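What you see is a predicted model; the values in this text were computed from it and never measured. A, B, ... follow the sequence lines: proteins, then strands. Residue 1 opens every chain.
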There are 2 protein chains.
Amino acid sequence: MHLPTLRQLEFLCAVADHGSFSKAAEACFVTQPTLSAAIKEIEGHLGVQLIEREARGASLTQAGEAAVERARTILSDTADLVSAARQAGAPLTGPFRLGAIPTIAPFLLPRTLKALRKAHPNLKLYLREDQTERLLDGLKNRTLDAALIALPWEANGIETMDLGDDEFLLVAPTGHDLISQHAIRSTDLVDEDVLLLEDGHCLRDHALSVCRLPSKRGGADVTATSLPTLVHMVAGGLGVSLLPKLAIDAGVASGADVELKPFETPMIGRRIGIAWRTGSPRASEAQMIGEIVRRAL
Amino acid sequence: MHLPTLRQLEFLCAVADHGSFSKAAEACFVTQPTLSAAIKEIEGHLGVQLIEREARGASLTQAGEAAVERARTILSDTADLVSAARQAGAPLTGPFRLGAIPTIAPFLLPRTLKALRKAHPNLKLYLREDQTERLLDGLKNRTLDAALIALPWEANGIETMDLGDDEFLLVAPTGHDLISQHAIRSTDLVDEDVLLLEDGHCLRDHALSVCRLPSKRGGADVTATSLPTLVHMVAGGLGVSLLPKLAIDAGVASGADVELKPFETPMIGRRIGIAWRTGSPRASEAQMIGEIVRRAL
DNA sequence: CAATTGGATAGACTAAGCCTATGCATCTTC
DNA sequence: GAAGATGCATAGGCTTAGTCTATCCAATTG
């Protein structure tokens, strides 16, 4: 079977992107006739018209749409092959773009980075703090190599590695009833004012779900933008809340006028994990970084 | 980024396959120096040694293994692109290799094939009857384009389309107690001698599961190799069994000295579906064929 | 030690890919 | 509606990358 050239596939995608032979040619750093000939050749080999030549540019036929979609994954897979191989030659070196959600990053990374630097001095780590959704977008569009998020999180084309549990503790104003209570369960919070992070933080959703709270409750919802803020609000008597042990260990509650208390078994909490794009050339590095983070947990 | 040529990737895979430059070259219809140069060039671009030159041939380095794996999917995706595009030019024509499990094929296909031929006279249908596992293997290694199987069946890299339900009816010797009983439930069979197909047929597993029977029961297991045989065994008084309505409608029980009876609601049965390899160039055709089969059901 | 196997190297040839220049439609503008 | 602008196709020449044949070298085998 006669295969098209990757170059030709690039040309095809470029035409799809720019809607014009000339623009596409420019983007590919070739002249328009070159590109025209290449497209014509693909069409010849495939026996199908892929591109509709119109007066005002070019558009894809149905077959073209399908072909472009396949071509894009082929090209990106090939790019992955290249960087994976390059990486294999010099593992854990060069730039690595790691994302982390805001309820993990400030508490976990300080400890981790030191260990990471020690283990892999040639690794240049670029950090990005953002909410889960956007981190996963980053993985998919290749602006991130890996991301620390809370599991489980199913997403197509994303693989994850489990790094351990992160228990939730009750945080309440000093002297609050719940603290003196013998044993508290997550469901005891139904009648409390539970303070939460603002919408979009996965910790908010976790807290809601472990307490079996409806996502929309009556009354004015009081939300915080970060965990330190949340602690202050609890200290101020606005209500109680949950804090991940990770944040507590990092000292987020120290000095504030609050008390902490673990829940009765079964433990409630979240799982921390590292995620990467399926087939990412740096998947193995993501796992090695994950291993180091796990030890730091 | 400098991409390798698909040709070069083919060469690389060939070396991996044949464990020797010369053999690989022969397989690719080029001379050995050509292939040597090509491999050397890839290695140069990637900056990694992919192949270990040994006295007695060639073997892959670790990086090479990874690269070959990626290269294989790239190449097969490209081949898919080509055939998908070709197909788009002449949809539903040419050879199409359809598989079906033995408890579907003889009963569903006779009706279907006529409709199929009428709708797509240029389609040359090649049929293969086999058990689910092997059909799915066939899809994966590209010796089949689609397969009619019982759902649900999750397998990586396989997509399916639901074609409708196929109810199971009780089949018992004429005058059997269960037939005169007012309403029978699948669990009523626990104390009966339930005859089954031999191991490997998914219908056997379905029957076991809907009746909540353990897969290994005491006593000599009596198994049949096909549904007609099964009917004869039931007629012979060896026990009762389940028959899919599909087979009954096709006359598998007609003439035999048996009686049939539907189960009480909820209906028990299986779902028929058509499966194809994810990304198969003929996925859309598989769905169109599925549509015709569904109407025949 | 000669023969065999298997990969590397050298140099020549060809065709594929790219370029410039130009042609031919269609759409825009005054 | 004529002139210009836009956009793809065609023609012909150039360069280079991929291929070949011929030969060499190293390791294994008998």
Output the rounded distance in Å from CZ (B/F21) to C1' (D/dA26). 15 Å
Scan B/S20 against the nucleic acid and name what it touches under 4.0 Å (heavy atoms): base, sugar-phosphate only, or nothing. sugar-phosphate
For atom NE2 of A/H18 and atom P of D/dG7, their distance in whole Å: 13 Å
Which atom pairs, donor and acceptor, lie under 3.5 Å between side-chain atoms of residues 115-133 of chain B and protein residues at least two apart or in another chain?
{"residue": "B/R128", "atom": "NH1", "partner": "B/T143", "partner atom": "OG1", "Å": "3.4"}
{"residue": "B/R128", "atom": "NH2", "partner": "B/R134", "partner atom": "O", "Å": "3.4"}
{"residue": "B/D130", "atom": "OD1", "partner": "B/R134", "partner atom": "NH1", "Å": "3.2"}

Quick check on C/dG7: is either OP1 or OP2 less than 4.0 Å from any side-chain nitrogen or oxygen of B/S36? no
Nearest-nucleotide pick for A/T34, side chain only, options being C/dT9, C/dT20, C/dC18: C/dC18
To the nearest Å, give me how far apart CD1 (A/I51) and P (D/dG7) are. 15 Å
Could you tell me the separation between the CD atom of A/E10 and the P atom of C/dC18, rounded to a whole number of Å? 10 Å
Verify the contact: side-chain N or O of A/R53 to OP1 or OP2 of D/dA9, cut-off strictly under 4.0 Å; return yes or no. yes
May I have the distance from B/R7 (atom CZ) to C/dG17 (atom C1'), rounded to whole angstrom? 17 Å
Taking side chain as C-beta onward, heavy atoms only, is B/E285 less than 4.5 Å from B/W276? no
Which whole-number value in Å describes the distance from A/E52 CD to D/dG7 P? 17 Å
Does A/E26 pair with A/K23 as a salt bridge, N-O distance under 4.0 Å? no
Rounded to the nearest angstrom, tell me the gap between atom CD in A/E41 and atom C1' in D/dA9. 15 Å
For A/L148, run the side-chain contact (heavy atoms from CB on, under 4.5 Å) check against A/L98, A/L135, A/I101 and tell me which one passes. A/L98
Heavy atoms within less than 4.0 Å of DNA chain D: which residues of residues 58-68 of chain A have one? Give them sorted by number. A/A58
Sugar-phosphate, base or nothing in reach of B/S22, heavy atoms under 4.0 Å: sugar-phosphate
Using a cut-off of strictly less than 4.0 Å, decide whether B/T31 has a side-chain nitrogen or oxygen near OP1 or OP2 of D/dC20. yes
Quick one: which residue pairs count as a salt bridge (Lys or Arg N to Asp or Glu O under 4.0 Å) with a foot in residues 78-97 of chain B, not counting sequence neighbours? B/D80-B/R142, B/D80-B/R277, B/R97-B/D145
Identify which nucleotide among C/dT9, D/dA9, D/dG18 has an atom closest to any side-chain atom of B/P33, counting heavy atoms from C-beta outward. C/dT9
Rounded to the nearest Å, what distance is computed from the NZ atom of residue B/K23 to the C1' atom of nucleotide C/dG6? 10 Å
Inspect the contact between A/E10 and A/R7 and indicate whether a charged nitrogen and a carboxylate oxygen are less than 4.0 angstrom apart. yes
Min side-chain heavy-atom separation A/D17-A/V68 under 4.5 Å: no
